[in-house]
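To keep things clear, I will list the structure first and then write my remarks on it.
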Amino acid sequence: MTFRKLVSEAEHLISIGLSNLGHAGHKFELLDPPKPEFGDLSSNVAFELSKVYDVKPYQFAQEFVENYLRPIIRDEHEKGSLSMIASAEAHPGGYINFRTNNDTFSEITLSRALEDPSYGFWDVGGGRRVNLEHTSVNPNKALHVGHLRNVILGDVIYRILQFTNHAVKVLNYVDDSGLQVADIIVAFKFAGFPVEPPSKPMKFDRYCGDYVYVKVNELYPTKPSLLEKRRYILKELEVGQSELAKFASTIVLRVLLDQLTTCWRMKAHYDLVNFESQIVLSDLWDRTFDWLKNKGLVQLAKEGKNAGCWTINPERASDQEKVIVRSDGTLTYIAKDIPYAAWKVGFVNDPFSYREFCDQWDNTVLWTTTLDISQDKSEHPDFTSADKAITVIDSRQSRLQCIISCVLSKFQQSDNIYLHLGYEPVSLSSRTAHNLGTIIDAKHSVQMSGRKGIQVNADDLIDLVKLKAYEEVSSRHPGYSKERLEMLAESIAVSAVRYNMIKYDLDKNIVFDITESINLDGDTGPYLQYAYARAQRILEKSREKYCRAPLSKLNSEPEIRIIRVISKFDLVIENAARSLKPKILAKYVHTLATAFNVFYETTPVLKEDNREIRIARIALVNAFCKCLEVASGLLGIQSLKEM
RNA sequence: GGGCCCAUAGUUCAGCUUGGAUAGAAUUGCUGCCUGCGGAGCAGUUGGUCGAGGGUUCGAGUCCCUCUGGGCCCGCCA
C-alpha cells in the first residue's frame, strides 16, 4: 500500500524535473534496486535522456539530480507534500536512486498494516464476474498428483481473484457420459467385477481407478466383445433414462464424492458441479449448433475421410478441420465443450435449474444443475453470464481450448472472454516411477497414466507427508493428544503439498519425486507456518497491551527489511491477480517469512529492555503476522499458532 | 511434416512481460550458532562459458534469427 505511495512520489518528482528540463512526458521507469546500497527505489530516466543529450548516463544523472531533483525535493519538503522520499542521488551505474525517510516510511506502513482491516486489498476486478473451471477429473478414478496441480492452481487463482474484487464462481465439470466412465460400467455390468471393493476398506474412487479401470483395459485385447458393450453403454449414457444410465449415475456420484473428499482435504472450494450428460440432454447443444450453422462456422462434410460428419473450420490453415458431430450423429468431446463454454459467459439461454448438491468443508453449499424444474431452488446464485470464463487445464489441451476460444470470440466481439489457463503437466521422476514398479528406459521422467496404473495417488502423497510432519510435531510436543498432533500434521502436510504445486511457473513441467516431495525444510509451505508460529509465541508471551507504539524506533536493518516487504503486499497481489500467476505470491510469502526469520534471529523483542523499542517491535510482529496470515490464506495455507 | 513449451550452480528453480548496477533462492557438501522469543531456523563457504552460433544496441540471461537437445499436441478418444 505504502510502496505505491513511494513510487507515485518519485514519479511526481521526475515528471516535474523533466518538465522543467523541457522534456515533459518523456517515458521512464521506476524499479526495485537489487541491493539495499542502491537505495529504496531506482529510476532509469538517465539512460533514456542521455540518448537525447548524447552524454554518459551517469553524467546526465548527476546533473539532473543536482540541478532539478534536489531543488524540487527541497521545495516539496517545505510545502510538506512529500512524506516518503528523503533524497535522490546519482549512481555511477547510471541510475538515479531514491532514499526514503525510514522513520516516516515505517510509521506509515505499519500503522496502515495494523489498522486497515483490508490491508493488502487492491481492486483489480471491479466486481466483474468470473466463471473459473478447474479439477474436472473423469469420474472413474481417484485423483493423482497431476490432478492435484490442477486443483491447487485453480483454487489459488480462485482465492486471489476473489480477494481482488472479482465475483468468482468455481465450476467443476464432470464428464459422466464419456469413455472412461463407460469402461468401469463395462467392468461392473459385463465383466463380472463386484461393485463393492473386496475385503479391505478402500475409497471407492480408488477401487474404480486403480483396479477396475486398469483391469478392464487389460481385458479388451482378449475380449473384443467388451468393446461392443462399451459402444452400447456410451449410447445409453447419451440418451439417459435407461436402467443402465441410472446405474452409471450412481457409480459416478459415488466416485465424484470421493474425489471431492480429496479436494476438500486440500482445502479447495467449489460452487457448482456441471454434468456433461445434462449438457447433452438439455437443448444447449441444439441452440449452439444452430448458431454455429448460421454463422457458417461448421459444415457437413460430403466427401473425404470426414464424410457424413459436421466439422469445424480450423483457425489456422495448417490445422485440420475438426469433427464435432460424428457420422452416426453422436457428439465428440469438443462439441460438448463449446455449448458449455457459451453457457458460462451467457451467450445462450440457461436451460438449467439448480439444486443444492452438498455442503462443503468451508460451510458453503456446493450446487449442481438439474433438468428437473420441480427441484429448482428459487434462491440460488447466478452461475451463468459471467464477464469472463477461465478454464484451468494442462497444456496438452491447448489446441482444443484454442478452438473453443476462437469460436467464442466469434459470438461476441470481445477478445479474452474465454481464457485457457494452461500449465505443463506433472510427470514422475524415473526413481519414483521405478519405485512404482514401472519399467523405465533411460528417460528422465515418465508421464502418468491412469489407464496403465502409472501414477502417484493424491491421498497417498498427503498421507506420506503427514507421516513425516507427525513425527516432527510429536517430537516437539510429546504431551499433546493424538488428535491435536493429527490436526497439526494434516495442516502441515496440506501446506507442503499446496506450496509445492504453486511455487513453479505454469510453463514448467513438474518432475515429481516422492522423496523430494516430503521435504519440510527450506522453500516450503511449513517454512511459512514455522515463521508464523514463532511470531505467535512472542505475541502470546508478551504482556504489553497494544498501544500507539513509537514505530519510528524500528530502524535496524532487519526491521526495515520486513517493513519494506510488508509495504509491497498489495502491489504483489495486484501483480499475481493480473498475470494469473500464483507463483508470484508464493515467492512473496517466502520472502516475507525469511525477513521475519532474520529479524527473529538478530533482534530481541521480549528481552529488549527499552520499553518503547519493545512495544514497537511487538507492533512489528503483529503487522507481520497479519500480513502473513492473509498472504498464506490466499495460497490456501493455514497459519498455525503452533506446530 | 505442422504447432506449442522448456534449456541459468551437482540437483530443483527465480530473474526474461518493460534490456542496464556484482545473475539470485532452495537443496546437496563443508564450517559455525540453542544456560537467549521454538535450531522445521540463522550466518558463512564451495559451486555459473545463463544450451550453441549469429544479429539489434552505448549495453543482452532478458529482444530478433538460425541451430542443437528435451517435453507435449496434431483421432468420427476424452
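Lettering follows sequence order; numbering is per chain, from 1. Because the structure is a prediction, the values reported are computed rather than measured.
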Which is true for A:Ala307 with a 4.0 Å heavy-atom rule: it touches a base, it touches only sugar-phosphate, or it touches nothing?
-> base
Which part of the nucleic acid, if any, lies within contact of A:Ile324, taking any heavy atom under 4.0 Å across all strands shown: a base, the sugar-phosphate backbone alone, or nothing?
-> nothing
Would you mind reading off the distance between A:Glu48 atom CD and B:U57 atom P, rounded to a whole angstrom?
-> 16 Å
With a 4.0 Å cut-off on heavy atoms, is A:Gly522 in touch with a base, just the backbone sugar-phosphate, or nothing at all?
-> sugar-phosphate
5'-most by nearest nucleotide on RNA chain B - A:Gly308 or A:Ser398 | A:Ser398
Heavy-atom protein contacts under 4.0 Å, nucleotides 11-18 of chain B, coded B base, S sugar-phosphate only, - none = -SSSS--B
Looking across every strand, which nucleic acid part, if any, lies under 4.0 Å from A:Ser475 by heavy atom: base, sugar-phosphate, or nothing?
-> nothing
For A:Ile404 and B:A78, give me the distance from atom CD1 to atom C1', rounded to whole Å.
-> 12 Å
Choosing from B:C76, B:A40, B:A26, which nucleotide comes nearest the side chain of A:Glu472?
-> B:A40
Assign A:Ile538 to base, sugar-phosphate, or nothing according to its heavy-atom contacts below 4.0 angstrom with the strands shown.
-> base
Base, sugar-phosphate, or nothing for A:Pro57, non-hydrogen atoms under 4.0 angstrom?
-> nothing
If you round to the nearest 0.5 Å, how far is OH of A:Tyr480 from CD of A:Glu486?
-> 15.5 Å
Is there a side-chain contact between A:Val494 and A:Gln638, using heavy atoms and a 4.5 Å cut-off?
-> no
How close or far is atom C1' of B:G41 from atom CE of A:Met643, stated in whole angstroms?
-> 11 Å
Do A:Ser491 and A:Leu640 have side-chain heavy atoms sitting under 4.5 Å apart?
-> yes
Just how far, in rounded Å, is P of B:C4 from CG of A:Leu400?
-> 16 Å
By side-chain contact (heavy atoms from CB on, under 4.5 Å), A:Glu218 pairs with (sequence neighbours left out) A:Val214, A:Lys215
Describe the nucleic acid contact of A:Gln529 in one word from base, sugar-phosphate, nothing, applying a heavy-atom distance below 4.0 Å.
-> nothing
Could you state the atom-to-atom distance from CZ of A:Phe599 to P of B:G38 in whole Å?
-> 13 Å
A:Tyr530 stacking on B:G38: centroids under 5.5 Å, ring planes under 30°?
-> no
Whole-Å distance between B:C34 P and A:Tyr600 OH?
-> 15 Å
Counting any heavy atom closer than 4.0 Å, what does A:Glu540 reach on the DNA or RNA strands: base, sugar-phosphate only, or nothing?
-> nothing
From the list A:Arg484, A:His477, A:Gln536, side chain to side chain donor-acceptor pair (under 3.5 Å) partner of A:Glu642 resolves to A:Arg484
Distance between the P atoms of B:A40 and B:C34, in whole angstroms?
-> 15 Å
Inter-residue atom distance A:Ile403.CD1 - A:Gln397.CD, 0.5 Å rounding = 11.0 Å
Measure from the side-chain heavy atoms of A:Arg326 and tell me the nearest of B:C77, B:U27, B:G20.
-> B:C77
Which part of the nucleic acid, if any, lies within contact of A:Asn500, taking any heavy atom under 4.0 Å across all strands shown: a base, the sugar-phosphate backbone alone, or nothing?
-> nothing
By side-chain contact (heavy atoms from CB on, under 4.5 Å), A:Val511 pairs with (sequence neighbours left out) A:Ser427, A:Ser429, A:Ser445
With sequence neighbours excluded, tell me which residues meet side-chain contact (heavy atoms from CB on, under 4.5 Å) with A:Ser474.
-> A:Tyr470, A:Leu485
Every protein N/O within reach of nucleotides 60-65 of chain B N/O, cut-off under 3.5 Å:
none

Compare the ring of A:Phe47 with the six-membered ring in the base of B:G20 and state whether they stack (centres under 5.5 Å, planes under 30°).
-> yes
Taken to the nearest 0.5 Å, the spacing of A:Cys406 SG from A:Gln401 CD works out to 11.0 Å
Select one nucleotide: of B:A21, B:A40, B:C72, the one nearest the side-chain heavy atoms of A:Phe38.
-> B:A21
Please tabulate, for the side chains in residues 584-595 of chain A, all donor-acceptor contacts under 3.5 angstrom to protein atoms that are two or more places apart in sequence or on a different chain.
residue: A:Tyr588; atom: OH; partner: A:Val565; partner atom: O; Å: 2.7
residue: A:Thr591; atom: OG1; partner: A:Lys587; partner atom: O; Å: 2.9
residue: A:Thr594; atom: OG1; partner: A:Tyr527; partner atom: OH; Å: 3.1
residue: A:Thr594; atom: OG1; partner: A:His590; partner atom: O; Å: 2.8

Per-pair distances, 0.1 Å, donor-acceptor, side chain in residues 47-54 of chain A, under 3.5 Å, sequence neighbours excluded:
residue: A:Ser50; atom: OG; partner: A:Ala46; partner atom: O; Å: 3.0
residue: A:Ser50; atom: OG; partner: A:Phe47; partner atom: O; Å: 3.0
residue: A:Tyr53; atom: OH; partner: A:His23; partner atom: NE2; Å: 2.8

When you get a sec, tell me which of B:C37, B:C5, B:A78 is the closest nucleotide to the side chain of A:Glu424?
-> B:C5
Between A:Lys35 (NZ) and B:A23 (P), how many Å, whole number?
-> 8 Å
Rounded distance (Å) that lies between atom C1' of B:G38 and atom CG of A:Leu528 | 17 Å
Output side-chain donor-acceptor pairs under 3.5 Å for residues 139-146 of chain A, partner residues at least two apart or in another chain, one line each.
residue: A:Asn140; atom: ND2; partner: A:Gln180; partner atom: O; Å: 3.2
residue: A:Lys141; atom: NZ; partner: A:Gln180; partner atom: OE1; Å: 2.9
residue: A:His144; atom: ND1; partner: A:Gly146; partner atom: N; Å: 2.9

Pairwise P distance for B:U68 and B:U27, with rounding to whole Å = 38 Å
Decide whether a cation-pi geometry holds between A:Arg149 and A:Phe512; the criteria are a distance under 6.0 Å from NZ or CZ to the six-membered ring centre and an angle within 45° of the ring axis.
-> no
Within residues 133-150 of chain A, those residues having any heavy atom closer than 4.0 Å to RNA chain B are A:Asn138
Taking C-beta and beyond as the side chain, do A:Lys336 and A:Tyr173 meet within less than 4.5 Å on heavy atoms?
-> yes
Reading RNA chain B 5' to 3', how would its secondary structure be written in dot-bracket notation, given Watson-Crick and G-U pairs with both distances under 3.5 Å, brackets [ ] for crossing pairs and | for partners on other strands?
-> (((((((..((((......[...)))).(((((.......))))).....(((((..]....))))))))))))....
A:Phe596 and A:Leu628, any side-chain heavy atoms less than 4.5 Å apart | no
So does A:Ser42 reach the base of B:A21 with its side chain, donor to acceptor, closer than 3.5 Å?
-> yes
What nucleotide, of B:A78, B:G38, B:A21, holds the atom closest to the side chain of A:Leu179?
-> B:A78
Just jot down the side-chain contact (heavy atoms from CB on, under 4.5 Å) partners of A:Ile518, sequence neighbours excluded, or say none.
-> A:Leu464, A:Val465
Side-chain-base donor-acceptor pair under 3.5 Å for A:Ser395 and B:C5 = no
Could you pull out the protein-nucleic contacts involving nucleotides 42-44 of chain B (nitrogen or oxygen on both sides, under 3.5 Å)?
residue: B:C42; atom: OP1; partner: A:Tyr527; partner atom: OH; Å: 2.6
residue: B:C42; atom: O4'; partner: A:Glu601; partner atom: OE2; Å: 3.4

Is any side-chain heavy atom of A:Phe624 less than 4.5 Å from a side-chain heavy atom of A:Phe599?
-> no
Are side-chain heavy atoms of A:Met448 and A:Val426 found at a separation under 4.5 Å?
-> yes
